[in-house]
Amino acid sequence: QFEPFHFIQKMKKTELILLFLLIAGAATAQGRRQRMVLHQVSNKEIVNEVFAEAIKVEEINDYWYKVLDAKEKTIGYAMTSRDYCNQIIGYCNATPVMIVTDKNFIIKKVAILSHYETPSYVQMLTDQGFFNSWNGRKIQKAADIKPDAYTGATKTAHAVTENVKYLSLNGSKKLPAKK
C-alpha cells in the first residue's frame, strides 16, 4: 500500500533541500506570472521627449525610422528592439527598448517600451541614471557601453543592456543615409 510522503522519510538531507528549492522556485515563478501586468509606454511620447516638434515617424528599413517635423523634414532617427529581442527576458518578460538619435546617430534617449517589469524597479533605474548611460554616444559604439553600477533591478537592467547592444550591432549595419 502506498503511504503519502513515505518516500520523503527515505530521502537524504541534500535531496530534501533540492526538493524544497524546486518547489519554492516553482511557487515563486507561478506567483510572478500571476502578478504580471502590462505597462503601456507610448512610442510617440518617447520620441516627443527628445523632439517636441516631431509629428510622425516613418519606417526606413528593418531597423530604422526617421522622425519628421511638420514640414516633413527629418529631425532624427529611432529604432526599437520589439521585433528582434523577445528572447531577452528581464524579471518578468521581454523588455523591448527604443533608441532615439539625432541626425548624426548620436544617442539622445534609451527607453523601455511597453513591458511587464515592476514599475518601481524601472523608476529606480531611471532615478539612478541607468537609461542615460548611452546618451551622447554614437550608435555604432553603444554596444561597448557598460552602464555604471546600479542596484535593485539587475535582471531588468541586464535585459535593457542586451537590447541596446543588439540594436547597436545590427542597426549600425543598416544606417540610413543622412539627409
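Heavy-atom basis, side chains included; hydrogens, waters and symmetry copies ignored.
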If two hydrophobic side chains count as joined below 4.5 Å and joins carry through other members, does [X] share a cluster with [Y]?
| X | Y | result |
| --- | --- | --- |
| Val47 | Tyr77 | no |
| Val50 | Ile107 | no |
| Ile60 | Met79 | yes |
| Met98 | Ile106 | no |

Could you state the interatomic distance from [atom1] ([X]) to [atom2] ([Y]), rounded to the nearest 0.5 Å?
| X | Y | atom1 | atom2 | result |
| --- | --- | --- | --- | --- |
| Gln123 | Gln128 | CD | CD | 10.5 Å |
| His39 | Thr118 | NE2 | OG1 | 6.5 Å |
| Asn170 | Lys165 | CG | NZ | 11.0 Å |
| Asp102 | Lys138 | CG | NZ | 8.0 Å |

[Y] and [X], any side-chain heavy atoms less than 4.5 Å apart:
| X | Y | result |
| --- | --- | --- |
| Thr101 | Lys108 | no |
| Leu113 | Asn43 | yes |
| Trp134 | Ile99 | no |
| Glu117 | Ile112 | yes |
| Phe130 | Val160 | yes |
| Thr95 | Glu162 | no |
| Lys66 | Lys73 | no |
| Val57 | Leu68 | no |

Sequence neighbours left out, what passes side-chain hydrogen bond (donor to acceptor under 3.5 Å, both in side chains) with [X]? Give chain and number order.
| X | result |
| --- | --- |
| Asp62 | Lys174 |
| Asn104 | Lys178 |
| Asn135 | Asn132 |
| Lys44 | Asn48 |

Inset, instruction - Would you check if the side chain of Thr161 reaches a backbone N or O of Ala157 as a donor-acceptor pair within less than 3.5 Å? - result: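 Yes, because the side chain of Thr161 sits within donor-acceptor range (under 3.5 Å) of the backbone of Ala157.
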
Inset, instruction - Please determine, by modelled atom types, if Tyr166 and Tyr63 share a side-chain donor-acceptor pair under 3.5 angstrom. - result: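 Side-chain D/A pair, Tyr166 to Tyr63: present.
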
Sequence neighbours left out, what passes side-chain contact (heavy atoms from CB on, under 4.5 Å) with [X]? Give chain and number order.
| X | answer |
| --- | --- |
| Ser114 | Leu38, Gln40, Val41, Arg82 |
| Glu49 | Lys109 |
| Glu59 | Tyr65 |
| Leu175 | Trp64, Phe105, Ile139, Gln140 |

Excluding sequence neighbours, so at least two apart, what forms salt bridge (charged side-chain N to carboxylate O under 4.0 Å, His left out) with [X]?
| X | result |
| --- | --- |
| Lys141 | none |
| Glu45 | none |
| Asp69 | none |

Inset, instruction - Name all residues meeting the ring pair (Phe, Tyr, Trp, His ring centres under 6.0 Å) criterion together with Tyr116; count only those two or more places apart in sequence or in a different chain, and write none if there are none. - result: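 Tyr116 satisfies ring pair (Phe, Tyr, Trp, His ring centres under 6.0 Å) with no other residue.
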
List the atom of [X], the atom of [Y], and the distance in Å for their closest heavy-atom pair.
| X | Y | result |
| --- | --- | --- |
| Ala142 | Val164 | CB-CG1, 4.1 Å |
| Pro147 | Ser133 | CB-OG, 3.5 Å |
| Phe51 | Val67 | CD1-CG1, 4.0 Å |
| Asn163 | Pro96 | OD1-CA, 3.9 Å |

Legend entry - Worked check of side chain to side chain contact (heavy atoms under 4.5 Å, CB included) between Val100 and Ile46: CA-CA 8 Å; Val100 181; Ile46 293 170; 4.1 Å; yes

Inset, instruction - Begin with the C-alpha distance, continue with both residues' side-chain angles, and end with the deciding distance and a verdict on side chain to side chain contact (heavy atoms under 4.5 Å, CB included) for Val122 and His115. - result: CA-CA 10 Å; Val122 174; His115 60 88; 3.8 Å; yes

